[in-house]
Amino acid sequence: MTSIRDARADDLRTIIQLLADDQLGKAREILPDDAVPAGYLAAFEAITRDPNNRLIVMEDEGRVVGCCQLTFIPGLSYRGSTRGQIEGVRIAESHRNKGLGRELIAYAINACRAKGCRFVQLTSNAVRTDARRFYERLGFVASHVGMKLDLG
């Protein structure tokens, strides 16, 4: 049986492992040995202090097997509408293809509805073709072209 809740500091190591467990994450995340690196701790603190951000985890039998971040973005467009941004969606490899991703996204969408969002949006790296098909099956439409500028 799965459950979904807001992340706690003791979930960080597992969340980082989930973020690193794919072709893109392996190159950009640092798996912690003992102590969680300071950058992750600072980001976690900033997320949990900000009422417009939530870091969500999914548990299966008490073990974190999925995560995502929700950001609520107030805007002037659409008569002052708020948008929900879903980021960093991951399901542990051992738990994929069991409907858990669908369950996690449904939870995120409902959280956006509860916050009064007009839209829910997300981006997915162009190389993640399976992820794009997954989001399209859930009703997301590739209506915009996203661009990023790496400042790192």
Side-chain angles (χ1 to χ4, degrees), residues 1-78 80-96 98-128 131-132 134-135 138 140 144 146-152:
M1 174 130 186
T2 61
S3 61
I4 300 174
R5 62 172 171 78
D6 287 287
R8 300 182 301 251
D10 63 341
D11 298 319
L12 262 179
R13 181 179 309 285
T14 304
I15 294 168
I16 297 164
Q17 289 169 340
L18 288 168
L19 293 172
D21 188 26
D22 74 12
Q23 64 193 45
L24 298 174
K26 284 179 185 10
R28 62 184 177 206
E29 305 303 338
I30 300 169
L31 290 173
D33 292 327
D34 289 325
V36 173
Y40 292 113
L41 291 170
F44 178 80
E45 290 299 321
I47 291 165
T48 56
R49 276 194 317 267
D50 184 343
N52 284 319
N53 273 286
R54 290 182 66 191
L55 187 57
I56 307 295
V57 295
M58 172 180 267
E59 290 183 319
D60 182 38
E61 297 181 9
R63 184 173 151 241
V64 172
V65 297
C67 65
C68 72
Q69 181 176 340
L70 292 177
T71 301
F72 305 107
I73 307 166
L76 293 174
S77 181
Y78 282 90
S81 294
T82 299
R83 295 168 189 259
Q85 176 80 25
I86 301 174
E87 294 280 339
V89 178
R90 299 291 190 283
I91 298 293
E93 188 172 1
S94 61
H95 285 68
R96 292 181 192 151
K98 297 179 180 182
L100 300 184
R102 177 181 294 274
E103 186 180 337
L104 184 61
I105 294 298
Y107 179 93
I109 291 169
N110 286 331
C112 290
R113 276 194 183 102
K115 195 80 164 171
C117 294
R118 166 79 191 257
F119 299 101
V120 179
Q121 61 190 31
L122 54 81
T123 60
S124 185
N125 192 293
V127 303
R128 290 187 167 134
R132 181 173 172 165
F134 168 74
Y135 294 125
L138 297 179
F140 286 85
H144 292 66
M147 301 174 126
K148 292 189 180 191
L149 176 63
D150 188 344
L151 300 176

* Asked: Going through the distances and angles, do R128 and L24 end up as a side chain to side chain contact (heavy atoms under 4.5 Å, CB included)?
  -> CA-CA 9 Å; R128 290 187 167 134; L24 298 174; 3.6 Å; yes
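- For the atom pair CZ of F134 and CZ of R102, the computed distance is 6.5 Å after rounding to the nearest 0.5 Å.
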* **Test side chain to side chain contact (heavy atoms under 4.5 Å, CB included) applied to T123 and E87, step by step** => CA-CA 7 Å; T123 60; E87 294 280 339; 4.2 Å; yes
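- Panel note: side chain D22, backbone G25; a donor-acceptor pair is recorded below 3.5 Å.
- Rounding to the nearest 0.5 Å places CD of Q17 at 11.0 Å from CG of L12.
- A pairwise comparison of heavy atoms in V120 and F140 identifies O-CE2, 3.7 Å as the closest pair.
- Looking at D50, its side chain never comes within 3.5 Å of a backbone N or O of I47 through a donor-acceptor pair.
- Atom SG of residue C112 and atom CZ of residue R83 lie 12.0 Å apart, to the nearest 0.5 angstrom.
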* Chi angles and distances behind the side chain to side chain contact (heavy atoms under 4.5 Å, CB included) call for Q69, V89 -> CA-CA 7 Å; Q69 181 176 340; V89 178; over 6 Å; no
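- Put simply, the side chain of R54 never gets that close to the backbone of D6: no donor and acceptor are under 3.5 Å apart.
- Just one residue in the list D60, L18, L104 forms a side-chain contact (heavy atoms from CB on, under 4.5 Å) with I91, and that residue is L104.
- In this structure, L122 CG and I109 CD1 are separated by 8.5 Å, a value rounded to the nearest 0.5 Å.
- Nearest heavy-atom pair across L19 and G88 is CD2-O, 4.1 Å.
- Atom SG in C67 sits 11.5 Å away from atom CD1 in I4 (nearest 0.5 Å).
- Atom CZ of R113 sits in a sparse spot, with 12 or fewer heavy atoms from other residues, nucleotides or ligands closer than 6.0 Å.
- Not counting sequence neighbours, the partners of I30 by the side-chain contact (heavy atoms from CB on, under 4.5 Å) test are P37, Y40.
- The shortest distance between side-chain heavy atoms of D21 and R90 does not fall below 4.5 Å.
- Y135 is listed as a side-chain neighbour of I105, based on a closest heavy-atom distance under 4.5 Å.
- A distance of 11.0 Å separates CZ of F119 from OG1 of T82, quoted to the nearest 0.5 Å.
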* Hey, mind stepping through H95 and T2 against side chain to side chain contact (heavy atoms under 4.5 Å, CB included) and telling me if it holds? -> CA-CA 11 Å; H95 285 68; T2 61; over 6 Å; no
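- Within 6.0 Å of CZ on R132 lie no more than 12 heavy atoms contributed by other residues, nucleotides or ligands.
- A20 pairs by the side-chain contact (heavy atoms from CB on, under 4.5 Å) definition with E29, L31, not counting sequence neighbours.
- You'll find the side chain of Q121 reaches within 4.5 Å of the side chain of I73, heavy atoms only.
- C117 and F72 make their closest contact through SG-CD2, 3.7 Å (heavy atoms, listed as atom of the first residue, atom of the second, distance).
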